[in-house]
Amino acid sequence: MSTVWFLEGATAGGDALFIPLESLPFHVGRDNTCELRLISKDVSRLHACIDRLNTSQLSLSDLGSTNGSFVNRERLEPNVATPLNAGDILHFGKSEFRLKSKSTVLNQTIAATDLMNMTVMADLSAPLPEHFALQEQEFLEMLSQDLVTVAYQPIVDFDQRRLMAYEVLGRGKHPLLPQAPIRLLELASLLGKEVALSEAFRSAGARAAANIPGPVRLFMNTHPSEMFTERLYASLDQILAVAPNMDLVIEVHETAVAEVDKMKVMAERLRSMGVKFAYDDFGAGQSRLNELAEVPPDFVKFDMSLIRNIDQASATKQNMVSRLVHMVKDLGSVALAEGVESEGEAALCQRMGFQLCQGYLTGRPALV
């Protein structure tokens with residue numbers, strides 16, 4: 001049975017629409033003979049042609065258009081058949097579509113005859129639109145096949161530099177995707193998969209912890225959009241079952257701290273599960289001292305922007321950080337300095353009263 005192909009586009013209101021490629025070759029352009037007629041000043045009369053490359057694959061040829069045809073934002077040479085794959089993003093001028101096969105399309109198809117004339121408003125000076133994310137298929141494969149891993153970064157006490165815990169830092173393992181978490185989070189944001197990626201990293205961290213003999217304390221990150229949800233608690237239950245030897249500390253982003261009533265409920269839920277929590281990136285934005293006093297966390301992680309070169313900072317800044325450390329300790333929380341890279345920084349942080357240290361000075365992240 002041959003594959004049935006569709007072009008996925010979007011209406012002006014943002015709703016998805018699907019254009020079946022019912023007959024090949026399939027022409028795109030302004031001419032009324034085209035199977036898909038795009039009424040736009042950046043689309044040529046006969047702009048491009050989609051045809052069959054072989055029994056299982058299509059190709060796209062630009063027909064010498066003025067403003068070009070693109071596959072995954074790479075402009076095509078005129079009159080050269082370029083192989084296409086499901087998930088590829090196509091641009092005809094500034095009109096954007098994604099190629100999909102029938103097996104991946106919901107039952108929301110619109111007959112081609114209803115779409116013979118599409119009016120597209122385009123700003124020719126603007127970059128190519130990015131309604132669809134590149135590498136979506138690879139990203140979904142990464143999640144479904146658990147193609148993620150983690151690095152553990154040591155957290156030590158200042159007095160004797162003894163190992164006290166690790167922070168779990170996610171990494172990608174898909175061969176066609178970046179490994180760096182910040183790049184993966186950017187892609188996840190485009191696809192609305194931030195929570196799924198956060199869960200995948202935590203699960204990988206728990207699987208690694210299960211192989212460590214004896215108890216291990218792990219700090220794990222959360223995403224702001226999963227705060228206060230039942231899905232978060234369910235995901236924590238799952239990883240605690242995977243690694244019962246794990247002493248888990250969940251890092252809470254600063255944006256969640258402002259919701260005091262919800263934080264109180266979450267603190268009780270976490271503690272009933274045997275899970276501790278930390279305020280992350282403290283001092284990077286608003287210090288939120290009032291909220292800190294209302295719901296004291298187990299740990300407060302001072303952002304590296306406060307710690308970097310603190311030994312060379314003004315007395316005013318040093319006094320401010322020192323006072324914050326003592327306020328945190330007075331609440332019963334443990335003060336942790338992030339981003340410590342030099343002995344000078346470490347020595348001053350220790351004198352200020354920080355109990356824990358994390359940074360390149362005491363250990364870089366290492367894959368496990």
Side-chain angles (χ1 to χ4, degrees), residues 1-10 14 16-18 56-58 71-73 83-90 96-109 130-152 168-211 218 220-227 229-243 246 248 250-251 365 367-368:
M1 182 178 178
S2 61
T3 302
V4 178
W5 296 93
F6 293 77
L7 289 179
E8 179 184 7
L17 52 84
F18 298 94
S56 61
Q57 196 172 21
L58 302 181
V71 175
N72 296 327
R73 302 192 173 92
L84 298 177
N85 297 293
D88 282 347
I89 299 172
L90 313 182
E96 185 178 30
F97 298 87
R98 179 165 51 191
L99 182 68
K100 303 190 83 170
S101 62
K102 183 177 181 180
S103 60
T104 61
V105 176
L106 301 175
N107 294 323
Q108 298 174 343
T109 58
E130 297 186 14
H131 181 77
F132 301 114
L134 292 174
Q135 298 182 302
E136 176 181 11
Q137 183 174 348
E138 292 85 353
F139 186 88
L140 297 178
E141 286 176 356
M142 181 189 72
L143 293 180
S144 65
Q145 299 175 26
D146 281 330
L147 296 176
V148 297
T149 188
V150 291
Y152 281 4
V168 176
L169 302 168
R171 301 286 188 269
K173 286 201 310 182
H174 194 292
L176 301 179
L177 291 176
Q179 294 183 354
I182 189 168
R183 296 283 306 281
L184 294 175
L185 284 167
E186 290 170 355
L187 183 53
S189 179
L190 290 173
L191 299 172
K193 295 291 184 180
E194 303 98 318
V195 173
L197 181 62
S198 182
E199 292 172 341
F201 285 156
R202 290 197 298 267
S203 294
R207 290 195 298 271
N211 296 320
L218 295 182
M220 291 192 181
N221 291 285
T222 57
H223 191 273
S225 60
E226 62 182 328
M227 286 294 94
T229 66
E230 289 300 321
R231 178 172 174 174
L232 173 63
Y233 302 126
S235 75
L236 299 183
D237 273 331
Q238 291 173 357
I239 63 173
L240 289 169
V242 170
M246 177 173 57
L248 180 60
I250 287 299
E251 298 193 11
L367 292 175
V368 294

Do R207 and S203 pass the side chain to side chain donor-acceptor pair (under 3.5 Å) test, and can you show the C-alpha distance, the side-chain angles, and the key distance before you say yes or no? CA-CA 6 Å; R207 290 195 298 271; S203 294; 4.8 Å; no
Taking C-beta and beyond as the side chain, do R202 and V168 meet within less than 4.5 Å on heavy atoms? no
E226 side chain to H223 main-chain N or O, any donor-acceptor pair under 3.5 Å? yes
Quick one: side chains of residues 172-181, donor-acceptor pairs under 3.5 Å with protein atoms, not counting sequence neighbours, listed by atom name and distance.
residue, atom, partner, partner atom, Å
H174, ND1, L176, N, 3.0
H174, NE2, E141, OE1, 2.9

Just do the side chain to side chain contact (heavy atoms under 4.5 Å, CB included) check on M246 and I239 with the steps written out, would you? CA-CA 9 Å; M246 177 173 57; I239 63 173; 4.2 Å; yes
Would you say the side chains of E251 and T222 form a donor-acceptor pair under 3.5 Å? no
Under 3.5 Å, is there a donor-acceptor pair between the side chain of D88 and the main chain of V71? no
For A188 and F139 the tightest heavy-atom approach is CB-CZ, 3.6 Å
Begin with the C-alpha distance, continue with both residues' side-chain angles, and end with the deciding distance and a verdict on salt bridge (charged side-chain N to carboxylate O under 4.0 Å, His left out) for E199 and K193. CA-CA 10 Å; E199 292 172 341; K193 295 291 184 180; over 6 Å; no
Compare all side-chain heavy atoms of V148 with those of V150 and state whether any distance is below 4.5 angstrom. no
Contact between T229 and L232 at the side-chain level, heavy atoms closer than 4.5 Å - yes or no? yes
Can F18 and L7 be said to form a side chain to side chain contact (heavy atoms under 4.5 Å, CB included), step by step? CA-CA 6 Å; F18 298 94; L7 289 179; over 6 Å; no
Where the side chain of S198 meets the backbone of E194, is there a donor-acceptor pair that is under 3.5 Å apart? no
Kindly indicate, with the supporting measurements, whether the criterion side chain to side chain contact (heavy atoms under 4.5 Å, CB included) is fulfilled by L367 and R171. CA-CA 9 Å; L367 292 175; R171 301 286 188 269; 4.0 Å; yes
Is the side chain of Y152 donor-acceptor paired with the backbone N or O of L218 at a distance under 3.5 Å, no angle test? no
Could you tell me the separation between the CG atom of N85 and the CG atom of L58, rounded to the nearest 0.5 Å? 9.5 Å
CA sep, side-chain torsions, deciding dist, call: V195, L197, side chain to side chain contact (heavy atoms under 4.5 Å, CB included): CA-CA 5 Å; V195 173; L197 181 62; over 6 Å; no
Looking just at side-chain N and O atoms, do S235 and R231 make a donor-acceptor pair shorter than 3.5 Å? no
Within a strict 4.5 Å, meaning less than it, do heavy atoms of the L187 and R183 side chains meet? no
For a 4.5 angstrom cut-off between non-hydrogen side-chain atoms, does F201 reach L169? no
Distance, nearest 0.5 Å, that separates CG of L236 from CG of L240: 6.5 Å
Between the CG atom in L99 and the CG atom in L90, the distance rounded to the nearest 0.5 Å is 6.0 Å
So which heavy atom on A243 is nearest to which on A206, and how close? CB-O, 3.4 Å
Point-to-point distance, once rounded to the nearest 0.5 Å, from CZ of R73 to CD1 of I89: 4.5 Å
